Asker: 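Before we start, here is the structure in question, set down as C-alpha cells.
Each chain gets a letter, A, B and so on, in the order the sequences are listed, and its residues count up from 1. A quick note: this is a predicted structure, and the numbers were derived from the prediction, not measured. In what follows, every heavy atom counts, from backbone to side chain, and hydrogens, waters and symmetry copies are set aside.
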Amino acid sequence: MTDEEQVDNKYYAQILSDVALLLQIKGANRYKIRAYQNASRAIGGLNEPVEDVLARDELTDIDGVGKSIASDIAEIKKTGTCQARTDLLDELDPGLLDLLKIQGMGAKKVKTLYDELDIKNIQELKEAAENQKIRELDGFGKKTEEKFLAEIERLESDDGRTPLPSALVLAESFRDELADRDDVERIEIAGSIRRQKETIGDIDLLVASTSDPTPIMDAFTKIAGVSEILVKGEKKTSVRTVQGIQIDLRIVAPEVFGSALHYFTGSKEHHVKLRTRAKRQGMKISEYGVFKDGDPNPVASMTEEDVFSALGLKYIPPELREGFDEIDLALEDDLPELVDMKHIRGDIHMHTIESDGEATILEMAQAAKALGYEYIVLTDHSQVLTVANGMTPKRFARHIEAIREANEQIEDFTILAGIEVDILKDGSLDMDEELLRECDWVVGSVHIHQQLDKDAMTRRLLNAIDTGLISCLGHPTGRILGGRPGYEYDLEEVLQACKDKRVAVEINGSTGRLDFNADHAARAHRVGVKIVLGSDAHSTLGLEAMPFAVGQARRAGLTPKDVLNCLSAKELVASVR
DNA sequence: GCCGTTTTCGGCCCGACTGTTTTCAGTCG
C-alpha cells in the first residue's frame, strides 16, 4: 500500500505483533499474548493515523489498548521500537520470528527447537532437518521433519499473495467442478474472495450436503490442478494447486449453511469481535450456528441473515466484515447501503481499435448495452504512448467525430467522447486544450516517467489537476497488483486538490490493477473526493472487469451517491471539471 | 495485558485435523 497512514499504523501493529509472537515463544501468559495481538489488530484497523490518536492522548480509548500498551506505542513513536520488544529480542533471537512463518510451526515447537537444538532461524532448522536431528525430539517425528523441509523449500520460492481476479478464476473453476454433483446441494466461494479483498492468501469453498462426504472430498482432491493434499478429513480437506495456492473445502449440513458461510467468509478479526460480543450476551457462535448458553440447538443457522438477526444485528455485507467498526454500525442500523452492480449505469474508461483496443466504437457500445449500461465513455490513448498507438490531435479530432456519428446509430444508449490523456512529466497534458474542452470526459493518467521523486510527482499531479481539463485521475497510484508498487506522491495533497478542482478519482477495475484500492478509495471519500469506476477495457470482454471496481468501492463503504457511475450520462459529465 | 448491561476481579472465540501419542497437545483458520 502506498497509503502513508496505513503504512505507519501497520508499522506500529507489526511491533506489537512481534511482542505477541516473542511472548508466545517465551511461553508467557496466553492472555497477555492475546492482549498484544488484539492491540496490534486494533491499531492495524484504525481509520486514522495512530500518531494522531497519540497526539490527542486518546490511545486508551482504542478498544484493546490499555495503559501499558499505550505507553509502548508512545515509545515506538519516540524510538521506533519498545522496551518490551527489545528485552524479548535480547533474551531470544530475531530469527525465531521467521520460524513462525513455517506452516505447522507454532510457538511451542519453536521454543522446543530453540531450547533443545539451539535452532534460531530457518537456515539452522533446515540443517537440523537435513541431518535428521528433529525426529529425535520428544513430540516430533519423521513426518514433522519432512514437512518442515518441504515447507522451507516452498517459502523460499513463494511470491506472496494472489491478485483477486486470478484467484477468482481458479476458485470458480474448482467450484464448477463440484457444483454439478448430485451429492452437492449447494457450493459457494467464501473467504477473502467473497470479501473482495484485493489479494488472496487461500481459497475457501463451502459445500452443503446430506450425503457421505468422502466421495466429495475424493473428487475434490482429484481435480486437475491439485498438486498436493495438505489435510484430508470428513469435514475439511485442504489441497495445494500447481499455482501454489491453497484451497480449503468444508462440507456442512444444509441447515447450517448460513452460519457456516458466515464463518468461512471471515474475516478472523470480524469473528473475534462478534464472538466476544456474543459471549457477553450469553451466546456462542460457531460454524454450526448461534447458540444460547447450555442449549445444544442453535437459535439461528440456516441463513446469514438469521445469524446476524439472532445477534441483534443488521445484515453486514461480506465486504465490510473486516473487524473495523461494522458491528457497531450494524447494531445502530447505520451501515452504508453499498453500491452494487445494479446501480452502475455506465463505464467511463475503455479503449477501441483507435489506439490499443481490439473492438470498434460500435462493438464496444453494443457490448456495454448488452451488459445493461446506459452509456460509455471511449477513452483512447494520447500520442505520447506510441506503444499503445496513441492519437495525435488530428486523429483525436476525427475520432470525436466518429464517436458522434456512432452515437447517432445506436438507440437508447449514449456514447460519450473522451480520452485517456497522458499527464506529462511537468503535469501538462498530452493533447490540444481545445479538443480536451470539446470532448465530454477526460481521464488523466500517468504512464511515462513514473520514477520521479515524491515532490516532483506531487507537483506533476497538482499541475495536471490545476489545468481544469481533467474529469478524473485514471489508475491514480499506478501500481500493478502483485507487481510494481506505484509511484510516490503526497496522496493527501493531491486528494485535496481533486476536491477543490472537482476532479474525480478512478477505481480502475482492470484485473492487473484494482487502482485505487479500497483503502485509497475510503481515504478519498473521507476527503470528499468523488469516485468513478472504470473497467479500462481493451476489448468487449474487458468490460466485465467492472465488478472488481465495484468490489473495491464496496469495501471502501461507498454508496451509490458516492459513485459517479450511478448518475445519468448528462449528470456524470456535469459533475466534474 | 485488557475489560466491564455479573465493573476493580476473574474472566478472555471456536472447532477440525495431524502427528504423536495412547488420550491429547499443537496448529490452523
Asker: Taking the P atom in each of B:dT20 and B:dG26, what is the distance between them to the nearest angstrom?
Answerer: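 About 14 Å, rounded to a whole number of Å.
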Asker: Salt bridge or not for A:Lys120 and A:Asp118, using N-O below 4.0 Å?
Answerer: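 Looking at A:Asp118 together with A:Lys120, the answer is yes, because their closest N to O distance falls below 4.0 Å.
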Asker: With no hydrogens and no angle check, do the side chains of A:Gln14 and A:Asp18 hold a donor and an acceptor under 3.5 Å apart?
Answerer: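 There is such a pair (donor and acceptor under 3.5 Å, judged by atom type) between the side chains of A:Gln14 and A:Asp18.
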Asker: Using whole Å, report how far CZ of A:Phe264 lies from P of B:dA16.
Answerer: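 To the nearest whole Å, that distance equals 9 Å.
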Asker: Mind checking the C1' distance from B:dC14 to B:dC9? Whole angstroms is fine.
Answerer: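 Pairwise C1' distance, B:dC14 against B:dC9, rounds to 25 Å.
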Asker: Ignoring hydrogens and geometry beyond distance, is a side-chain donor-acceptor pair present between A:His270 and A:Glu326 at under 3.5 Å?
Answerer: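 There is such a pair between these side chains.
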Asker: Just how far, in rounded Å, is P of B:dG1 from NZ of A:Lys26?
Answerer: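 Rounded to whole Å, this separation is 10 Å.
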Asker: Mind checking A:Arg250 for me? I need base, sugar-phosphate or nothing, with any heavy atom below 4.0 Å counting as a touch.
Answerer: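 Sugar-phosphate, no base atom in range.
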Asker: Please list, pair by pair, any protein nitrogen or oxygen found under 3.5 Å from a nitrogen or oxygen in nucleotides 4-12 of chain B.
Answerer:
| residue | atom | partner | partner atom | Å |
| --- | --- | --- | --- | --- |
| B:dC12 | OP1 | A:Lys279 | NZ | 3.3 |

Asker: With a 3.5 angstrom cut-off on both distances, give the Watson-Crick or G-U wobble partner of B:dT8, or none if there isn't one.
Answerer: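 Its partner is none (no Watson-Crick or G-U wobble pair with both distances under 3.5 Å).
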Asker: Give me, pair by pair, the N or O atoms of the protein and of nucleotides 20-22 of chain B that are less than 3.5 Å apart, along with how far apart they are.
Answerer:
| residue | atom | partner | partner atom | Å |
| --- | --- | --- | --- | --- |
| B:dT20 | OP1 | A:Gly141 | N | 2.4 |
| B:dT20 | OP1 | A:Gly141 | O | 3.2 |
| B:dT20 | OP1 | A:Thr144 | OG1 | 2.9 |

Asker: Which whole-number value in Å describes the distance from A:Asp61 CG to B:dC2 C1'?
Answerer: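 Rounded to whole Å, this separation is 14 Å.
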Asker: Quick check on the 6.0 Å ring-centre criterion: do A:His520 and A:His525 meet it?
Answerer: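 No, the ring centres sit 6.0 Å or more apart.
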Asker: Less than 3.5 Å apart, any donor N or O on the side chain of A:Gln552 or A:Asn517 sitting next to an acceptor on the other?
Answerer: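 No - no donor-acceptor pair under 3.5 Å links their side chains.
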Asker: For the C1' atoms, the ones on B:dC12 and on B:dT7, what distance do you get once it is rounded to whole angstrom?
Answerer: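 After rounding to an integer number of Å, I get 15 Å for this pair.
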Asker: Which nucleotide in the list B:dC2, B:dG15, B:dT18 gets nearest to the side chain of A:Lys232?
Answerer: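 The nucleotide sitting nearest to the side chain is B:dT18.
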Asker: In this structure, which one of A:Gln246, A:Arg240, A:Arg161 forms a side chain to side chain contact (heavy atoms under 4.5 Å, CB included) with A:Asp202?
Answerer: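 One option only clears the test, and that one is A:Gln246.
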Asker: For B:dT18 and B:dG11, measure between their C1' atoms and round to the nearest Å.
Answerer: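 Their C1' atoms lie roughly 31 Å apart.
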Asker: At under 4.0 Å between heavy atoms, how does the protein contact nucleotides 23-29 of chain B? Give one character per nucleotide, 5' to 3', with B, S or -.
Answerer: ---SSSB
Asker: I need the CG-C1' distance between A:Asn38 and B:dC3, as an integer number of Å.
Answerer: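 Going from A:Asn38 (CG) to B:dC3 (C1'), I get 11 Å.
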Asker: Under 6.0 Å between ring centres: does that hold for A:His262 and A:Phe308?
Answerer: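 Close enough - the centres of the two rings lie under 6.0 Å apart.
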Asker: Could you tell me if A:Ser209 and A:Asp183 have a donor-acceptor pair between their side chains, going purely by distance under 3.5 Å?
Answerer: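 No, A:Ser209 and A:Asp183 have no side-chain donor paired with an acceptor closer than 3.5 Å.
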Asker: So, does A:Lys147 get its side chain near the phosphate of B:dT18, meaning an N or O under 4.0 Å from OP1 or OP2?
Answerer: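 No, outside the criterion.
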Asker: Base, sugar-phosphate or nothing for A:Leu274? Non-hydrogen atoms, less than 4.0 Å.
Answerer: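 Answer is nothing: A:Leu274 stays at 4.0 Å or more from every strand.
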Asker: Have A:Thr265 and A:Arg194 got a donor and an acceptor in their side chains that come within less than 3.5 Å?
Answerer: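 A:Arg194 and A:Thr265 do have a side-chain donor-acceptor pair below 3.5 Å.
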Asker: Does NZ belonging to A:Lys108 count more than 12 external heavy atoms closer than 6.0 Å?
Answerer: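 Open: at most 12 neighbouring heavy atoms sit under 6.0 Å from NZ of A:Lys108.
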Asker: Would you indicate whether A:Asp176, at its atom CG, is surrounded by more than 12 heavy atoms from other residues, nucleotides or ligands within a distance under 6.0 Å?
Answerer: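 Yes, enclosed.
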Asker: Which word best sums up how the rings of A:His271 and A:Tyr263 line up, parallel for under 30°, tilted for 30 to 60°, or perpendicular for over 60°?
Answerer: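 The rings of A:His271 and A:Tyr263 sit tilted, inter-plane angle from 30° to 60°.
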Asker: Report which part of the nucleic acid A:Leu230 touches: base, sugar-phosphate, or nothing (heavy-atom distance under 4.0 Å, all strands).
Answerer: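 Counting heavy atoms under 4.0 Å across all strands, no contact is made by A:Leu230.
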